[in-house]
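See below for the structure under consideration.
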Amino acid sequence: MLIQKPKGTYDLLPEKARQRYFLEKRVREIFNIYNYSEIRTPTFEKTELFKRGIGEETDIVSKEMYTFKDNEFTLKPEMTAPVIRAYIENNLGNESPLQKLFYICNMFRRERPQAGRFREFSQFGAEAIGSSDPYIDAEMIILADSIIRSFGIEDSVIKINTIGTAAERETFFREFKGYLSGFLKELSADSQRRYVINPLRILDSKVQGDLEILRDAPVLYNFLNDETKRNFQSILDILTQSGIEFETDNRLVRGFDYYTSTTFEFVSEALGAQNALLGGGRYDMLVQQLGGKPTPAIGFAAGIERLLMVMEAKKLLPDSDDNLKLFIVSMNKECKKFSFKLADRLRKQGVKCETDFLGRSLKAQMKEANRSNSEYVIVIGDEELKNGTANLKRMSDGTEIRMNDFDNIKNYLFK
RNA sequence: GCGAGCAUAGCUCAGUUGGCAGAGCGUCAGAUUGUGGUUCUGAAUGUCACGGGUUCGAGCCCCGUUGUUCGCCCCA
């Protein structure tokens, strides 16, 4: 039986690996410009970190984690909890009252794979820890937007909401559940389940019957106190001043327990059912919950596979421009000895070049040079060895340049 | 965890009422022996996902397994 890759994983073959490198490089550049510094954390963490960080009752923790048999450790299903753990453990708050961090890494969730969803997947994201300034909320969204836009994705829609503090939600839930109790039997099975586990998520329902019931339901926003509302309004104002287009969506709620106040999502029509390209929000209680001092924080995470899917669909991925400079063709074994040394010398001068390793015919080597998009070809035969001259052929138009100094080929190549 | 579809050459896919395993692309070789692309000629490559069953006979029908795709849930 052939050994296959685990379900929901993928091999990144050279072309795809190059596209991903392109994406990661650009992402790093933009994070750097916004003064976010990279952080890397272990691939696995204490299981307890995710239970306390994300919430026991969330889908991720309750059924999607890759936990080792002894239950002590779990492959990370997301990065916010590990970053906060590292922040607390390394006393980063003492170094500077505001830490702006970013990450690019892969993570693991045991879900059924489908379009835009994998069991091992990659995200890049940012966390700004230490500030509750609405300007940092705005910066986070502007940063996310400029990354998305830098890839040429213009039609991604930004949705923003505020879900208030835990205390504000408590009073809302009392009213909300009171209202829904009258319609309990008419709600969809999923929403009936959520009624018990996480009533907030009922707001997210797309079932027609639920939508009708929700139409007259109490609105979370009305239960938020003035400060929360003012704060939210400031964020929206700053975004508007910054020229960011967005939609407020008072039904946008997210699946992690740690979110407070601001939540946002970037969605794209080019994706399938899993249309969220990027998601994030404020989590002012998490640092404290994980044993640190009370510290406000906000972050986002973007799905790299989904981003690449959109870019592929919109043909925004660049072709490789990293071609061979020179292909050295050898006529026979004696010439190959010379070619190999020549290639080695050129490579040490930083010239990307290649020679034949299959003992193939002149024609086959020429074809190989053509296939690999080599800019120049040089044929090394007995005459060249004897005379110390050769023709450099430019493959784009077939013209040949006379070359009579093997020690200075580089000068001919870059003329 | 639940539902539906799919599985044939390296890739994309045909394959009729059950009757010799196919095409295009790619790969390799050649077209008077030191010059690629275009063209032409030829060649190689298959446990028809795996395991059972029905049948004289199964790529095709039935059952199971695995993989995969798309949904649900949830998320990036």
Are [X] and [Y] within salt-bridge range, i.e. N to O under 4.0 Å?
X        : Y        : answer
A:Arg347 : A:Glu354 : yes
A:Asp344 : A:Lys341 : no
A:Lys100 : A:Glu139 : yes
A:Asp137 : A:Arg282 : yes

Counting side-chain heavy atoms from CB outward, which of B:U69, B:C70, B:U66 is closest to A:Gln4?
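Ranking B:U69, B:C70, B:U66 by closest atom to the A:Gln4 side chain puts B:U66 first.
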Between [N] atom [atom2] and [X] atom [atom1], what is the distance in whole Å?
X        : N     : atom1 : atom2 : value
A:Glu64  : B:G1  : CD    : P     : 11 Å
A:Gln274 : B:C74 : CD    : P     : 10 Å
A:Asp257 : B:C74 : CG    : P     : 14 Å
A:Gln114 : B:U69 : CD    : C1'   : 10 Å
A:Asn275 : B:C74 : CG    : P     : 13 Å
A:Leu271 : B:C70 : CG    : P     : 11 Å
A:Asp11  : B:G67 : CG    : P     : 16 Å
A:Glu111 : B:C73 : CD    : P     : 13 Å

Check the angle between the aromatic planes of A:Phe183 and A:Tyr179 and answer parallel, tilted or perpendicular using the 30° and 60° thresholds.
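Tilted: the ring planes of A:Phe183 and A:Tyr179 meet at 30° to 60°.
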Under 30°, 30 to 60°, or over 60°: which ring-plane class applies to A:Phe31 and A:Phe102, parallel, tilted or perpendicular?
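Parallel, since the angle between the ring planes stays under 30°.
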Please give the stem ranges for RNA chain B, sorted by first residue number, where a stem is three or more consecutive Watson-Crick or G-U pairs and both donor-acceptor distances are under 3.5 Å.
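Stems found: B:1-7 with B:66-72, B:10-13 with B:22-25, B:27-31 with B:39-43, B:49-53 with B:61-65.
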Name all residues meeting the side-chain hydrogen bond (donor to acceptor under 3.5 Å, both in side chains) criterion together with [X]; count only those two or more places apart in sequence or in a different chain, and write none if there are none.
X        : answer
A:Arg402 : A:Thr389, A:Asn391
A:Asp356 : none
A:Glu168 : A:Thr165, A:Asn225, A:Thr228
A:Gln349 : none

Could you give the distance separating [M] and [N] at their [atom1] atoms, to the nearest angstrom?
N     : M     : atom1 : answer
B:A9  : B:G15 : P     : 15 Å
B:G59 : B:C40 : C1'   : 34 Å
B:G30 : B:C11 : C1'   : 25 Å
B:A14 : B:A31 : P     : 38 Å
B:C72 : B:G53 : P     : 40 Å
B:U54 : B:A58 : P     : 11 Å
B:U45 : B:A21 : C1'   : 13 Å
B:G51 : B:A7  : C1'   : 15 Å

Salt bridge (Lys or Arg N to Asp or Glu O under 4.0 Å), that's the test. Do A:Glu120 and A:Lys5 meet it? Break it down for me.
CA-CA 11 Å; A:Glu120 180 177 8; A:Lys5 64 188 178 327; over 6 Å; no
Given [N], is OP1 or OP2 found less than 4.0 Å from the side-chain N or O atoms of [X]?
X        : N     : value
A:Arg201 : B:C74 : yes
A:Arg117 : B:C73 : no
A:Arg194 : B:C74 : yes

Which of residues 68-78 of chain A sit near RNA chain B, with a heavy atom under 4.0 Å from it?
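Under 4.0 Å from RNA chain B: no residue of residues 68-78 of chain A.
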With the threshold set at under 4.0 Å for non-hydrogen atoms, list the residues of residues 301-315 of chain A touching RNA chain B in residue-number order.
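Contacting residues: A:Ala301, A:Gly303, A:Arg306.
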Any residue meeting side chain to side chain contact (heavy atoms under 4.5 Å, CB included) with A:Lys363, in chain and number order, not counting sequence neighbours
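Counting only residues at least two positions away or on another chain, A:Lys363 forms a side chain to side chain contact (heavy atoms under 4.5 Å, CB included) with A:Ser361.
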Residues that A:Lys336 engages under side chain to side chain contact (heavy atoms under 4.5 Å, CB included), provided they are two or more places apart
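Side chain to side chain contact (heavy atoms under 4.5 Å, CB included) list for A:Lys336, sorted by chain: A:Ser330.
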Could you check A:Gly8 against A:Phe121 and say which one's nearest nucleotide on RNA chain B is further toward the 5' end?
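Going by which nucleotide is closer to the 5' end, it is A:Gly8.
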So, applying salt bridge (charged side-chain N to carboxylate O under 4.0 Å, His left out) with A:Arg85, which one of A:Glu48, A:Glu78, A:Glu45 is it?
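Of the listed options, the one satisfying the test is A:Glu45.
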Assess, by modelled atom type and distance only, whether the side chains of A:Arg20 and A:Ser122 contain a donor and an acceptor separated by less than 3.5 Å.
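The answer is yes; a qualifying pair exists.
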Checking A:Lys325 against A:Phe414: charged group under 6.0 Å from the ring centre and within 45 degrees of the axis?
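So A:Lys325 does make the cation-pi contact.
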Using a heavy-atom cut-off of under 4.0 Å over every strand shown, decide if [X] touches base, sugar-phosphate, or nothing.
X        : value
A:Gly116 : base
A:Phe124 : nothing
A:Ala115 : sugar-phosphate

Atom CZ of residue position A:Arg110 - does it have more than 12 heavy atoms of other residues, nucleotides or ligands inside 6.0 Å?
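Counting other residues, nucleotides and ligands, CZ of A:Arg110 stays at 12 neighbours or fewer.
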Contact letters for nucleotides 2-9 of chain B, in which S counts primed atoms plus P, OP1 and OP2 and B counts the base, heavy atoms under 4.0 Å
BB------
Reading nucleotides 27-38 of chain B 5' to 3', which nucleotides get B (base under 4.0 Å from a protein heavy atom), which S (sugar-phosphate only), which -?
SSS-B--BBBB-
Can you list everything that forms a ring-ring contact (aromatic ring centres under 6.0 Å, His included) with A:Phe118? Sequence neighbours excluded, please.
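A:Phe118 satisfies ring-ring contact (aromatic ring centres under 6.0 Å, His included) with A:Tyr10 only.
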